Chemist: 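Before I ask anything, let me first share the structure, which is written out below as structure tokens.
Values below: every heavy atom of this structure, side chains too, minus hydrogens, waters and symmetry copies. Given the structure is predicted, the values throughout are model-derived calculations rather than measurements. Proteins get letters first, then strands, A, B, ... in listed order; numbering begins at 1 in each.
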Amino acid sequence: MKRLKLSDILITIVVALVFGIIYKIWGPVYNIFKPFGLHIGDVIYGMWFIAGTVAVLLLRKPGVALLAETAAASGEFLVGSEYGLSVLLYGIVQGLGTELLFALFGYKRYTAFVAALGGIAAAVGSLVMDVAYGYVMDLALWNLLLLVGARLLGGFLIAGILAYYLVEALEKTGVTSLVRPASDKDYKALDQ
Amino acid sequence: MKVGVSNLRVKYAGAETLLFNKLSLHIKEGEKVLFLGPSGCGKSTLLQILSGLIPNAVPVPMKADEVAIPESSGVVFQDPDSQFCMPYVDEEIAFVLENCAVPQTEMKSFIHHYLMKVGLNFEDPHVEISSLSQGMKQRLAIASMLALEPEVIFLDEPTALLDPEGTSEVWKTIKQLNAKQTMIIVEHKIDEVIHFVDRIVLFDSEGKIIADADPESVFSFYKPKLKEYGIWYPGVWTDHKQDENLPAPYEKGQQLMSISQLQGYRGKSSKIEVSDVTAYEGEWIAVTGKNGAGKSSFLLSLMNVMKTSGTKRVRDKVLKTIKASREQLAFVFQNPEFQFITNSVYDELVYSLEMLEDKGVEKVRNWLEAYDLYHVKDLHPYQLSTGQKRRLSVGTAMFGTQPVLLLDEPTFGQDASNTFKLLALFEELRTEGMLIIMVTHDEMIVHNYATREWVIQEGKLIEDRKRERREKGERHAMDFTV
Amino acid sequence: MQWTLQYEETWLHRLNPAFKLIFFLSLFLILLFVHNPNVISNLTLVPLLLVLFATGHRRKVIVLLLIPFLILFFSSASSMMFFGQGTTTWWKWGIIHITEESFFRGLHIGFRALNFALLGLLFALTTRPVFLFYSLIQQLKVPPRFAYSFMAAVRILPVMVEEFQQLRAALLIRGVKKKKGLQRVTQSIMLYAVPLLSQSIRRAHRIAVAMEAKQFNNKERTYYYKQTYSKVDIYFVLYIMAGFGLAYWVGHTFPYFGITDVRN
């Protein structure tokens with residue numbers, strides 16, 4: 001296992017805190033969408049999973065998705081989220097979802113497809129928390145299905161596809177060279 | 001304590017050539033050594049290798065027969081805003097003391113001790129770091145480095161991002177330390193350093209050592225190299241003026257721009273107030289004043305990015321909207337990166353063209369060649385060197401027919417040759433009749449290029465004075481030779 | 001988060017931060033097992049009184065922070081009210097079906113969300129992040145590498161806010177053509193997120209290197225701030241216990257609502 005270096009941890013947390021602020025702003029946005037949209041507004045819920053996928057796509061190391069999503073939730077909490085401490089627990093479970101998915105691929109595949117699955121896995125995590133949290137099962141069945149569908153779609157689109165393209169755009173700026181290890185080829189060139 | 005490397009080879013990931021190939025260098029105990037060379041020659045990398053940061057903290061592929069790093073070292077980096085991890089002054093030094101396992105009860109007196117050493121005399125050191133000036137932040141960085149009680153001190157361009165005032169503040173502090181330790185310094189502005197060091201190691205752009213001697217010899221034998229490498233050596237301005245045949249004549253042109261009763265607001269508070277001024281074609285107006293005086297607010301008000309009252313006019317056009325301002329005023333931001341919105345150098349200019357609804361793509365090529373950017377046209381703007389980034393940002397802003405150019409500290413952090421290249425470019429535009437309004441802290445630029453100076457103090461334009469461009473051969477107070 | 005807000009220190013600031021965190025988390029779990037709308041509405045008063053009168057922040061700031069909570073209350077309650085299952089129909093219109101059961105369940109969810117929100121705000125307003133992270137290291141044995149990274153990252157946030165403003169001005173000046181619909185969302189994300197993130201990543205990397213240059217590693221270390229427990233922690237527990245007890249007793253003795261368990 002590649003251990004996280006200090007710079008990996010710090011970069012992950014900084015990126016996560018940026019999203020933490022977005023998470024906080026996202027609260028009122030979501031709350032305005034929610035009552036009128038019959039849960040269709042839950043598509044935008046996917047924004048709350050994006051830190052995990054972005055961070056792991058960026059750093060490509062084990063533990064990063066969980067750390068990022070937890071840190072983003074802590075940031076959201078510390079700036080006074082209206083969801084209070086619940087965001088911390090949600091963050092941990094959502095991050096765990098993404099983390100497990102990337103672990104399933106042995107931390108070797110970082111494609112759009114795996115990212116999308118990672119987003120969906122976080123959405124599943126959030127639904128698990130919802131069941132524990134509040135009477136979700138008491139919704140009318142059609143309404144419950146709408147909720148689940150919208151949530152998963154949000155995870156797929158925002159935390160998966162959008163996160164993938166965001167990281168791709170960051171790669172173009174050359175900033176990822178700071179966090180990706182050098183290749184064996186570079187080491188071999190030293191002996192010539 | 002010996003510091004050095006033998007037969008060092010270094011390669012950055014993905015780079016085509018080695019950064020250092022078979023480099024050997026040894027530094028004696030107590031020596032004060034200055035590394036000089038063009039940007040990108042690897043001076044900072046070598047400093048980080050000698051301090052042990054590479055490859056321990058930053059894994060860069062390297063090999064050497066021998067690397068002798070000191071048992072304890074302290075490093076001061078260039079960016080005052082990215083070398084602290086705590087929010088308060090006392091906490092930052094405490095962080096270092098914690099790392100050295102100093103008992104908690106002794107920390108307060110140590111904090112006081114190290115702050116005194118760098119002349120930061122706070123009654124209560126629980127002061128927010130963000131409230132300090134950039135020069136003070138660098139002194140704090142020196143204090144926390146000293147708290148490590150290092151055997152060897154490394155200074156990695158500690159004044160590169162400071163204005164002239166901050167620069168001399170920092171060097172004064174370093175000289176006052178009277179440090180017995182070995183010091184290894186990378187610095188581009190060597191006015192103040194040159195009398196302080198015992199030895200200069202000069203690198204060429206391939207990372208080879210081309211000179212290694214006392215300052216006097218290096219200075220007398222390698223001055224053309226120093227010039228070529230963009231180093232701010234003493235006398236660089238005198239040489240520059242000889243080369244460029246400065247000052248060029250200035251003739252007042254037609255009236256171009258007028259400002260009346262301008263106020264710019266951030267929220268409800270007024271940040272800048274300019275009552276009545278008129279500017280003419282071919283003028284070079286330097287906007288000066290302390291940090292936070294309102295210089296940037298002034299430019300932003302002209303662009304209508306801030307809420308404003310009063311009128312601004314360029315020729316017969318009244319500038320009321322951002323769009324109207326953009327068509328008359330080309331604006332170059334302090335941080336060039338924020339001006340880039342596409343993924344390649346080429347696209348940046350095409351984008352500017354499209355904004356002006358001009359389809360002359362041939363123009364892009366000519367511009368790129370004129371700005372010496374054609375060979376990097378496919379790179380992402382962020383991957384350019386600092387000088388190239390700056391030229392591109394000027395290019396994207398200037399890509400129209402605006403008669404006025406607004407510049408927010410365009411030469412900040414640039415080496416001498418980039419600075420002179422930029423100044424030559426602006427001067428050319430000026431002689432063609434453009435009006436140049438430039439925020440700067442650099443007194444030498446004001447002396448040599450400005451035809452007029454606007455002084456801003458506490459949110460008000462308080463002085464509007466004519467500047468005589470300096471005569472050729474006239475010596476400057478700052479321009480001395482060794 | 002307290003990096004700019006002006007406030008006076010109160011007894012709540014002197015609580016042990018790690019203890020506060022764990023205690024609040026357990027309150028969170030306890031609240032999940034309250035199913036009586038009478039009790040939960042009373043419980044809301046327990047944190048509300050502290051938020052209003054004991055955080056040491058200016059009243060104006062508090063009121064401003066509380067506004068989103070009202071939206072939250074309505075929004076959390078509404079889905080369940082409109083679309084929840086139930087047998088005693090009050091009102092039906094199209095797909096909206098309000099029953100007595102779903103109405104009270106919705107109300108209950110609203111109050112619970114409000115409780116979480118107030119507890120969270122109370123924590124945020126009375127905890128200095130630096131103390132929290134020191135306390136996490138000292139009381140909960142969180143590895144210093146993580147705690148100090150958090151502190152360093154928190155320090156960058158105001159710088160990023162400044163950068164955001166500069167970026168906004170730069171984009172306005174360059175005159176970015178706004179795309180329509182969904183493309184506009186992705187456009188603005190790319191325009192803002194890419195420069196801000198890449199700047200922050202580089203900055204974070206430089207700070208990490210600087211921290212290592214300051215000999216930050218896994219050696220034994222001492223601490224500038226010692227976080228300890230004190231009597232204040234006991235007072236706080238007593239206040240919460242008394243408040244919760246009273247809320248429970250009043251809720252059962254003088255119920256406002258006919259329903260006492262929203263699960264049925």
Chemist: Please rank B:Leu300, B:Val75, B:Asp79 by heavy-atom pairs under 4.5 Å with chain C and give me the top one.
Modeler: B:Asp79

Chemist: Tell me, for C:Ser149 versus chain B, whether the close heavy atoms (under 4.5 Å) come from the side chain, the backbone, both or neither.
Modeler: neither

Chemist: Roughly how far apart are B:Ser325 OG and C:Leu172 CG, rounded to 0.5 Å?
Modeler: 11.5 Å

Chemist: Give a yes or no answer on whether the side chain of C:Thr222 reaches the backbone of B:Gln104 with a donor-acceptor pair at less than 3.5 Å.
Modeler: no

Chemist: Taking the six-membered ring for Trp, are C:Tyr148 and B:Phe95 closer than 6.0 Å centroid to centroid?
Modeler: yes

Chemist: For B:Asn335, is it the side chain, the backbone, both, or neither that has a heavy atom closer than 4.5 Å to a heavy atom of chain C?
Modeler: side chain

Chemist: What distance separates B:Leu406 CG from C:Ile173 CD1, expressed to the nearest 0.5 Å?
Modeler: 8.5 Å

Chemist: Among B:Glu98, B:Gln83, B:Glu92, which residue meets the side chain to side chain donor-acceptor pair (under 3.5 Å) test with C:Lys214?
Modeler: B:Glu92

Chemist: Go through B:Met107 and C:Tyr223 one step at a time and tell me if the side-chain contact (heavy atoms from CB on, under 4.5 Å) criterion holds.
Modeler: CA-CA 9 Å; B:Met107 284 187 184; C:Tyr223 294 100; over 6 Å; no

Chemist: With sequence neighbours excluded, what pairs up with B:Phe84 under the ring-ring contact (aromatic ring centres under 6.0 Å, His included) test?
Modeler: none

Chemist: Could you state the interatomic distance from CZ (C:Arg174) to OG1 (B:Thr342), rounded to the nearest 0.5 Å?
Modeler: 7.0 Å

Chemist: Which atoms of B:Pro103 are under 4.5 Å from chain C, going by heavy atoms: the side chain, the backbone, both sets, or neither?
Modeler: backbone

Chemist: Between C:Tyr134 and chain B, with a heavy-atom cut-off of 4.5 Å, which part of the residue counts as in contact: side chain, backbone, both or neither?
Modeler: side chain

Chemist: Shortest non-hydrogen contact from B:Val305 to C:Ala169?
Modeler: CG1-CB, 3.6 Å

Chemist: Report, by ascending residue number, the residues of residues 204-213 of chain C in heavy-atom contact with chain B at a distance under 4.5 Å; give 'none' if the set is empty.
Modeler: C:His205, C:Arg206, C:Ile207, C:Val209, C:Ala210, C:Met211, C:Glu212, C:Ala213

Chemist: Answer with yes or no whether the side chains of B:Glu91 and C:Tyr225 bring together a donor and an acceptor at under 3.5 Å.
Modeler: yes

Chemist: Can you check whether C:Arg128 reaches B:Pro87 side chain to side chain, under 4.5 Å on heavy atoms?
Modeler: yes

Chemist: Can you tell which part of B:Ser296 gets under 4.5 Å to a heavy atom of chain C, answering side chain, backbone, both or neither?
Modeler: neither

Chemist: Kindly give the heavy-atom pair with the smallest separation between B:Phe338 and C:Ala170, and that separation in Å.
Modeler: O-CB, 3.5 Å

Chemist: In this structure, which one of C:Lys219, C:Arg221, C:Gln215 forms a side chain to side chain donor-acceptor pair (under 3.5 Å) with B:Asn99?
Modeler: C:Arg221

Chemist: Under the salt bridge (Lys or Arg N to Asp or Glu O under 4.0 Å) rule, collect the residues that match up with C:Arg203, sequence neighbours excluded.
Modeler: C:Glu163

Chemist: Heavy-atom cut-off 4.5 Å, strictly under: side chain, backbone, both or neither for B:Glu337 against chain C?
Modeler: side chain

Chemist: Is it true that C:Arg155 and B:Ser130 share a donor-acceptor pair across their side chains at a distance under 3.5 Å?
Modeler: no

Chemist: For B:Ile111, which atoms come within 4.5 Å of any heavy atom of chain C: side chain, backbone, both, or neither?
Modeler: side chain

Chemist: What part of B:Ile341 lies closer than 4.5 angstrom to a heavy atom of chain C: side chain, backbone, both or neither?
Modeler: both

Chemist: Considering only heavy atoms, which portion of C:Arg168 lies under 4.5 Å from any heavy atom of chain B: side chain, backbone, both, or neither?
Modeler: neither

Chemist: If you tally heavy-atom pairs under 4.5 Å against chain C, which of B:Met86, B:Gln339, B:Met145, B:Met303 wins?
Modeler: B:Met86

Chemist: Decide yes or no for B:Tyr382 and C:Pro195: does some side-chain heavy atom of the first lie under 4.5 Å from some side-chain heavy atom of the second?
Modeler: yes

Chemist: According to side-chain contact (heavy atoms from CB on, under 4.5 Å), who are the partners of C:Arg58, at least two apart in sequence or on a separate chain?
Modeler: C:Val61

